[in-house]
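Bear in mind that the values here come from a model prediction, so they are computed numbers and not experimental data.
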Amino acid sequence: MPPMSLPPERQLETIRRGTVDLINERELLEKLRRGRPLVVKVGFDPTAPDLHLGHTVVMRKMRQLQDLGHTVVFLIGDFTGRIGDPTGRTRTRPPLSEEEVLHNAETYKTQAFKILDPARTVLRRNSEWLAALSGADVVRLAAQYTVARILEREDFARRLRENRPISIHEFLYPLFQAYDSVALRCDLEMGGQDQLFNLVVGREVMKGYGLEPQCILTVPVLEGTDAREVEGRIAGEKMSKSLGNYVALDDPPEEMYGKLMSVCDGLMWRYYELLSALDAGAIRTLRDDVAAGRVHPRDAKARLAFELTERFHSTEAARAAAERFDRVHRSHETPDDVEEHRLLSAAPLRLSRACAQAGLASSGSEAQRLIVAGGVEVDGRRVADKDATLEPGRTYLVRVGKRRFARIAVVPPET
RNA sequence: GGAGGGAUUCCCGAGUGGCCAAAGGGAGCAGACUGUAAAUCUGCCGGCCUUGCGCCUGCGGUGGUUCGAAUCCACCUCCCUCCA
């Protein structure tokens with residue numbers, strides 16, 4: 001699609017879709033009417049090297065803007081990342097080392113273009129300008145905002161109320177992020193809904209520097225895979241690496257598919273809305289069909305899992321993942337790509353130990369507990385004896401829990 | 001600078017000399033039920049092995065008292081509160 005082919009009003013319509021906040025439409029329309037590509041900034045904190053589905057909500061919006069002909073700055077907050085965004089935090093984060101930040105930034109690069117158009121993405125790091133600020137520059141920046149306004153932030157206010165520490169440098173975080181907008185002459189900054197505060201500071205600070213304030217767009221924050229439906233509403237923490245409730249973009253296909261299949265039904269609809277390419281009408285229809293019993297919820301979920309696995313891997317990979325899933329979990333058959341481990345032992349080898357060595361359990365004690373709990377099968381039969389052993393010279397198929405399999409060959413250590 | 005309070009296992013949080021690998025809750029894992037859903041119920045929930053009522057590690061750090069310390073003492077580190 002040629003750049004700027006759509007009239008501003010139509011663009012605005014597209015931009016508005018699926019957003020939470022848009023500050024504000026009038027200003028944005030004005031910017032669009034000037035007919036030059038907007039500078040759109042989205043910052044990514046390099047603390048989490050794995051991009052996950054939660055990031056893709058805003059990334060899809062970025063892609064939309066790109067397709068409308070605008071310039072998207074994928075800003076890696078390598079400088080601010082060393083401070084740590086206090087958003088949603090109840091305590092101070094430890095700063096990252098330079099090496100960690102660099103490594104994480106690299107990982108971002110390779111994953112981001114699964115969604116973004118590389119030709120219309122400008123990759124920047126905010127250390128480019130932030131590291132160069134002098135003491136006087138920082139003072140000037142800090143003068144743009146007041147402590148009272150900073151304390152309007154719920155997370156700061158709460159920490160203050162609960163007598164938890166707040167380090168001064170955390171106050172600086174939103175200001176540095178705002179300075180990014182100054183440095184880039186940003187027209188539009190986007191982010192998750194939880195970023196609203198930081199984005200608004202950007203507007204104010206830009207004014208302070210005599211610049212036209214940026215517009216702001218926020219998208220919904222995606223709940224993690226552990227979210228639950230409570231009284232018809234989805235309740236749960238946002239998807240994040242540190243909470244472990246995420247689906248990473250580079251999760252292997254089977255894992256991605258499996259993780260998506262195990263989210264609760266209510267959450268599936270949320271994922272449909274925020275992640276699927278299906279339009280609102282199609283989702284509505286599907287939802288009605290499930291509610292009416294015409295479509296099994298599992299099949300609706302499988303469709304979603306397939307779509308997303310296909311997007312981040314390939315059609316073949318998605319198909320294979322679906323097949324494997326059905327084979328293991330619906331037909332209760334063994335997958336055909338079970339990893340084989342050769343364990344050396346002249347004497348009968350304890351099953352618990354073998355499980356630990358083959359990586360099926362984190363420790364021998366853990367494996368022993370799993371055995372006693374009835375979670376271990378050898379050659380299709382449940383083994384509940386914690387003293388069970390495997391004979392040298394034989395190969396066993398061991399299953400731990402629902403989805404951990406390994407073929408274990410006990411090899412006598414001759415020669 | 002002064003006075004006081006606190007630091008417990010992944011998280012929250014009980015525990016004031018032996019019965020403490022440490023209550024309770026959450027998270028996690030396994031089992032039942034299912035659609036590998038969710039909810040619910042049950043069990044587990046530091047590590048090691050020669051699997052014994054075994055050994056090691058463990059209650060901010062370092063020493064000490066004691067037959068025995070998460071619990072008592074000393075010093076140290078960090079956090080909080082009030083005063084200045």
Side-chain angles (χ1 to χ4, degrees), chain A residues 88-92 94 158-167 223-237 240-247 254-272 290-291 293-306 309 321-335 345-357 359-378 381-389 398-405:
Chain A
R89 288 277 162 164
T90 51
R91 63 177 64 177
T92 309
R158 181 168 0 99
R159 277 158 70 179
L160 202 61
R161 217 185 304 126
E162 294 172 358
N163 296 324
R164 290 172 170 284
I166 302 173
S167 299
E223 290 81 4
T225 51
D226 59 347
R228 297 291 175 253
E229 192 170 357
V230 180
E231 288 159 11
R233 305 201 50 168
I234 296 300
E237 300 271 11
S240 88
K241 169 110 173 155
S242 53
L243 293 171
N245 59 359
Y246 67 110
V247 179
E254 311 78 49
E255 201 174 327
M256 184 176 275
Y257 192 93
K259 280 182 181 176
L260 289 167
M261 284 304 282
S262 66
V263 305
C264 76
D265 289 355
L267 188 59
M268 148 170 84
W269 299 116
R270 182 83 174 145
Y271 282 12
Y272 258 116
V290 169
R294 289 188 292 272
V295 173
H296 194 294
R298 184 199 56 233
D299 295 332
K301 209 180 290 176
R303 180 174 170 178
L304 176 73
F306 186 91
T309 307
E323 269 168 29
R324 183 193 157 104
F325 183 86
D326 285 349
R327 181 197 291 235
V328 175
H329 299 293
R330 293 180 73 180
S331 325
H332 302 289
E333 289 165 19
T334 309
S345 177
L349 183 64
R350 264 175 178 285
L351 177 58
S352 57
R353 187 162 191 201
C355 286
Q357 287 183 4
L360 295 171
S362 57
S363 71
S365 304
E366 168 73 10
Q368 217 168 54
R369 277 182 230 119
L370 286 165
I371 292 168
V372 173
V376 177
E377 275 180 18
V378 175
R381 259 190 300 279
R382 177 178 296 177
V383 174
D385 176 10
K386 69 183 170 64
D387 297 321
T389 55
V398 180
R399 173 185 197 158
V400 173
K402 281 174 183 132
R403 45 174 142 160
R404 276 167 284 163
F405 291 89

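B/G17: no Watson-Crick or G-U partner with both key distances under 3.5 Å is found in any strand. Pair check for B/C33 finds none; no Watson-Crick or G-U wobble contact set falls under 3.5 Å. If you check B/C72 for Watson-Crick or wobble pairing at under 3.5 angstrom, you find it paired to B/G64. Base pairing analysis places B/G4 opposite B/C80; the two distances defining the Watson-Crick or G-U wobble pair are each below 3.5 Å. Base pairing of B/C44: its partner is B/G28, meeting the Watson-Crick or G-U wobble criterion (both donor-acceptor distances under 3.5 Å).
No hydrogens or angles were tested; on distance alone, nothing pairs the side chain of A/D299 with the base of B/G35 as donor and acceptor under 3.5 Å.
An OP1 or OP2 oxygen of B/C48 is reached within less than 4.0 angstrom by no side-chain nitrogen or oxygen of A/R350. Residue A/R353 places at least one side-chain N or O closer than 4.0 Å to OP1 or OP2 of B/C49.
Comparing the C1' positions of B/G13 and B/A27 gives a spacing of 14 Å, expressed to the nearest Å. Between the P atoms of B/A23 and B/C75, the separation comes to 32 Å (whole Å). B/U77 and B/G63 have their C1' atoms separated by 15 Å, given to the nearest Å. Atom C1' of B/A7 sits at a distance of 14 Å from the matching atom of B/U71, rounded to the whole Å. With C1' as the reference atom, B/C12 and B/G35 are 34 Å apart, rounded to whole Å.
Partners of A/A356 according to the side chain to side chain contact (heavy atoms under 4.5 Å, CB included) rule, which considers only residues two or more places apart in sequence or in another chain, do not exist here. Here A/D265 pairs with A/P297, A/K301 under the side chain to side chain contact (heavy atoms under 4.5 Å, CB included) rule; sequence neighbours left out. Looking at residues two or more places apart in sequence or on another chain, you find no ring pair (Phe, Tyr, Trp, His ring centres under 6.0 Å) involving A/F306. A search for salt bridge (charged side-chain N to carboxylate O under 4.0 Å, His left out) contacts involving A/R381 returns nothing, not counting sequence neighbours.
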Tabulate protein N/O versus nucleotide N/O from nucleotides 26-30 of chain B, keeping only pairs under 3.5 Å, one per line.
unit_1 : atom_1 : unit_2 : atom_2 : d
B/C29  : O3'    : A/R404 : NH2    : 3.4
B/A30  : OP1    : A/R404 : NH2    : 3.2
B/A30  : O2'    : A/A373 : O      : 3.3
B/A30  : O2'    : A/G375 : N      : 3.4

Taking only nitrogen or oxygen atoms into account, show me every contact under 3.5 Å that the protein makes with nucleotides 54-57 of chain B, one pair per line with its distance.
none

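Proximity of a side-chain donor or acceptor of A/Y257 to a complementary backbone N or O of A/E323 within less than 3.5 Å is not detected. With hydrogens and angles disregarded, a donor-acceptor distance shorter than 3.5 Å links the side chain of A/R404 to the backbone of A/L360. Between the side chain of A/R327 and the backbone N or O of A/E333, no donor-acceptor pair lies under 3.5 Å.
Here A/R324 lies out of heavy-atom contact (under 4.0 Å) with every strand. Contact annotation for A/G258: base contact, defined as any heavy-atom pair under 4.0 Å involving a base atom. Heavy atoms of A/S363 sit under 4.0 angstrom from primed sugar atoms or phosphate atoms, though from no base atom.
Residue A/R298 is tested with A/M268, A/R303, A/R330 for a side-chain contact (heavy atoms from CB on, under 4.5 Å); the sole match is A/R330. Remark: of the listed residues A/E254, A/K402, A/R399, A/R399 is the sole one forming a side-chain contact (heavy atoms from CB on, under 4.5 Å) with A/V328.
If you find the closest nucleotide of RNA chain B to A/R369 and to A/E254, the one lying nearer the 5' end belongs to A/E254.
In this structure, the nucleotide among B/U51, B/G35, B/A38 sitting nearest to the side chain of A/K301 is B/G35.
A salt bridge links A/E255 to A/K259: at least one charged side-chain nitrogen sits closer than 4.0 Å to a carboxylate oxygen.
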